[in-house]
Asks: 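This is the structure, below, for whatever I ask next.
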There are 2 protein chains.
Amino acid sequence: MWHFESGIKEILENQKSVFHVLTPEEKEELKNHISLTNYRKNEYVFKEGDKPSGFMVLVTGKVKIFKEGVGGREQIIRMSKPMGIIGYRALFADENHIATAVTLEDSMIANITMDFILNRAVKNSEFSLLLLRKFALELGFANSRTVSLTQKHIRGRLAESLILLAEKYGFEHDNTTLKVYMSREDIANLSNMTTSNAIRTLSTFANEKLITIDGRKIKILDLARLDRISKLG
Amino acid sequence: MWHFESGIKEILENQKSVFHVLTPEEKEELKNHISLTNYRKNEYVFKEGDKPSGFMVLVTGKVKIFKEGVGGREQIIRMSKPMGIIGYRALFADENHIATAVTLEDSMIANITMDFILNRAVKNSEFSLLLLRKFALELGFANSRTVSLTQKHIRGRLAESLILLAEKYGFEHDNTTLKVYMSREDIANLSNMTTSNAIRTLSTFANEKLITIDGRKIKILDLARLDRISKLG
DNA sequence: CCTTTGTGATGTTATAAAACACAAAAAAAG
DNA sequence: CTTTTTTTGTGTTTTATAACATCACAAAGG
């Protein structure tokens, strides 16, 4: 409802936005093809099976993207942070969404018409290359995750998830508290385990002084050792 | 050693080749940036950690692409067939390879310089869009596989792999024999299970008249039921 | 204020699949 | 043709983790 102007500015100028490589003219035109929407915490952005509405950029907030598996079990396949792009896979594959996006906190999301992306942006080869790079990185991430989630043991998977969250969202000013607050269930869905096992293993990690837990507030005490646990499997 | 000319022609003109969308001039120039190499069965095309040598197209043969996981356990993340592109993820991500490619049979592979791709091909927005589409489809596949491999039980995973192989490589003239001959170990590595369990479960499937096995020759007798087993988990 | 609902915590049991062990058969090498 | 190596097949044991069962506590709602 507010901050819309600064949201547009971010999308156009922020170094981390894919659109910052556009020419001034292209940026000007983009303004006519953008709409911004505010979402409250735990709102659906799109659902598995939905027809994609456009190319989306998360302006502020956090979003989880998950797939529904056997017996409704959710697997979080990606976490998005500001200036991250979402829903673009389905657009370029010309398919419906194969995953669901839900906000983790209040968020603002920009929706850019596919028409603009296809008929303007992609004509700019720097933009194309940047998108190709985004896809390549995400594909690499997905492939690595497949191996981790299938082969690592529970401790390794949880350690990897904690490191992932630390790298993605960073820390609060104390430099140890994870700047993301997820339910145990979400942590479990990110790490391919049951909620009970996420809770149990987090407790074990706390006992081992790798982390401290205070509700949803997680402090990383020993990143090096978490890393070893993750790499070991 | 032979068939090189027809190999080039395939790459330029086959509808399934990404390069068929290039203009005649671009195709002409591409000829100066291609090299063709023959590989024998079970040869490495590239290894995890290698610097990518170029954009590759599998002209003839079959290639498996796998990642090494915990304790050296291999996970096959992709199977490639003629006109499939390989090694492109690392190029666009500007990273070293994160997976290893090995031929399943004698194969011919074209290597196109990245210089040509970046400075010529990507300027053609139809080509860019096609590549973006390839990436989008592969990412969707990877995400779906992550969920299948982590959540489905052994029978479901094996059934899914058999269906995958059938869709990818098709059947011999009898319309039932899979047109791909893999070791039990490879089937296991594709399906995230141990070799023993792949062998055992294949035998079970044969007993249930879902398939017949004769060495590495697998006949699919009841695709519908395999599909149900796969979907059920 | 009490009731309901959601989340977190922990112990117990059940089970799917890995790990292990050993043959037999097939393929490759000498 | 024999020997060696690789691949396939099968039974047994072990183990990691899901499933289940409570319980405690906090938050939300009437």
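Keep in mind that this is a model prediction, so the values were computed, not measured. Computed from heavy atoms alone, side chains included, the values below leave out hydrogens, waters and symmetry copies.
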Asks: Look at atom NZ of Lys134(A) and say whether more than 12 heavy atoms of other residues, nucleotides or ligands are closer to it than 6.0 Å.
Replies: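 No, not enclosed.
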
Asks: Using whole Å, report how far CG of Leu158(A) lies from P of dG8(C).
Replies: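 One finds 14 Å between P of dG8(C) and CG of Leu158(A), rounded.
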
Asks: Counting heavy atoms from C-beta on, name the nucleotide in dG9(D), dA17(C), dG8(C) closest to the side chain of Ile154(B).
Replies: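 Out of dG9(D), dA17(C), dG8(C), the nucleotide with an atom closest to Ile154(B)'s side chain is dA17(C).
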
Asks: Would you kindly check if the NZ (Lys) or CZ (Arg) of Lys81(A) is within the cone defined by 45 degrees around the ring axis of Tyr169(A) and under 6.0 Å from the six-membered ring centre?
Replies: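 So Lys81(A) doesn't make the cation-pi contact.
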
Asks: What's the CG-C1' distance between Asp214(A) and dA9(C), to the nearest Å?
Replies: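 Nearest whole value for this atom pair: 15 Å.
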
Asks: Give Arg155(A) one of three labels, base, sugar-phosphate or nothing, depending on what nucleic acid heavy atoms sit under 4.0 Å from its own.
Replies: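 The residue Arg155(A) makes no contact with any strand.
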
Asks: Rounded to the nearest Å, what distance is computed from the CG atom of residue Asn197(A) to the C1' atom of nucleotide dT12(C)?
Replies: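 Rounding to the nearest Å, CG of Asn197(A) and C1' of dT12(C) are 13 Å apart.
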
Asks: Is the shortest side-chain N/O distance from Ser203(A) to OP1 or OP2 of dA9(C) below 4.0 Å?
Replies: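 For dA9(C), neither OP1 nor OP2 has a side-chain N or O of Ser203(A) closer than 4.0 Å.
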
Asks: Specify the separation, in whole Å, of atom CD1 of Ile213(A) and atom P of dT7(C).
Replies: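 Whole-Å distance recorded here is 17 Å.
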
Asks: Contact class for Ile199(B) (heavy atom, under 4.0 Å): base, sugar-phosphate, or nothing?
Replies: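 Since a base atom lies under 4.0 Å of Ile199(B), the category is base.
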
Asks: Detail all sub-3.5 Å separations between protein N/O atoms and N/O atoms belonging to nucleotides 20-26 of chain C.
Replies:
none

Asks: Give a yes-or-no answer on whether the side chains of Asn197(B) and Arg184(B) include a donor-acceptor pair shorter than 3.5 Å.
Replies: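 Side-chain D/A pair, Asn197(B) to Arg184(B): absent.
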
Asks: Using whole Å, report how far CG of Asp186(B) lies from P of dT7(D).
Replies: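 Asp186(B) atom CG is separated from dT7(D) atom P by 9 Å.
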
Asks: How close or far is atom C1' of dT17(D) from atom CG of Leu202(A), stated in whole angstroms?
Replies: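 Rounding to the nearest Å, CG of Leu202(A) and C1' of dT17(D) are 16 Å apart.
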
Asks: What is the distance from CZ of Arg216(A) to P of dC25(D), rounded to the nearest Å?
Replies: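 Roughly 18 Å, once rounded to whole Å.
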
Asks: Hey, do the aromatic rings of Phe19(B) and Phe55(B) have their centres closer than 6.0 Å?
Replies: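 Between Phe19(B) and Phe55(B), the centre distance is under 6.0 Å.
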
Asks: Round to a whole Å and report the spacing from OH of Tyr181(B) to C1' of dT7(D).
Replies: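 Spelled out: OH on Tyr181(B) to C1' on dT7(D) is 18 Å.
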
Asks: Can you see whether Asp174(B) engages Thr177(B) through a side-chain donor-acceptor pair at a distance of less than 3.5 angstrom?
Replies: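 Yes, side-chain donor-acceptor contact under 3.5 Å.
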
Asks: Taking only side-chain nitrogens and oxygens of Thr194(B), does any of them come within less than 4.0 Å of OP1 or OP2 of dA18(C)?
Replies: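 True: Thr194(B) side-chain N/O within range (under 4.0 Å) of dA18(C) OP1/OP2.
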
Asks: Do Tyr39(A) and Glu105(A) pair up side chain to side chain, a donor and an acceptor below 3.5 Å, judged on atom types alone?
Replies: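 There is no such pair between these side chains.
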
Asks: Do Glu43(B) and Thr103(B) meet the criterion of a side-chain donor-acceptor pair at a distance under 3.5 Å?
Replies: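 No, Thr103(B) and Glu43(B) have no side-chain donor paired with an acceptor closer than 3.5 Å.
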
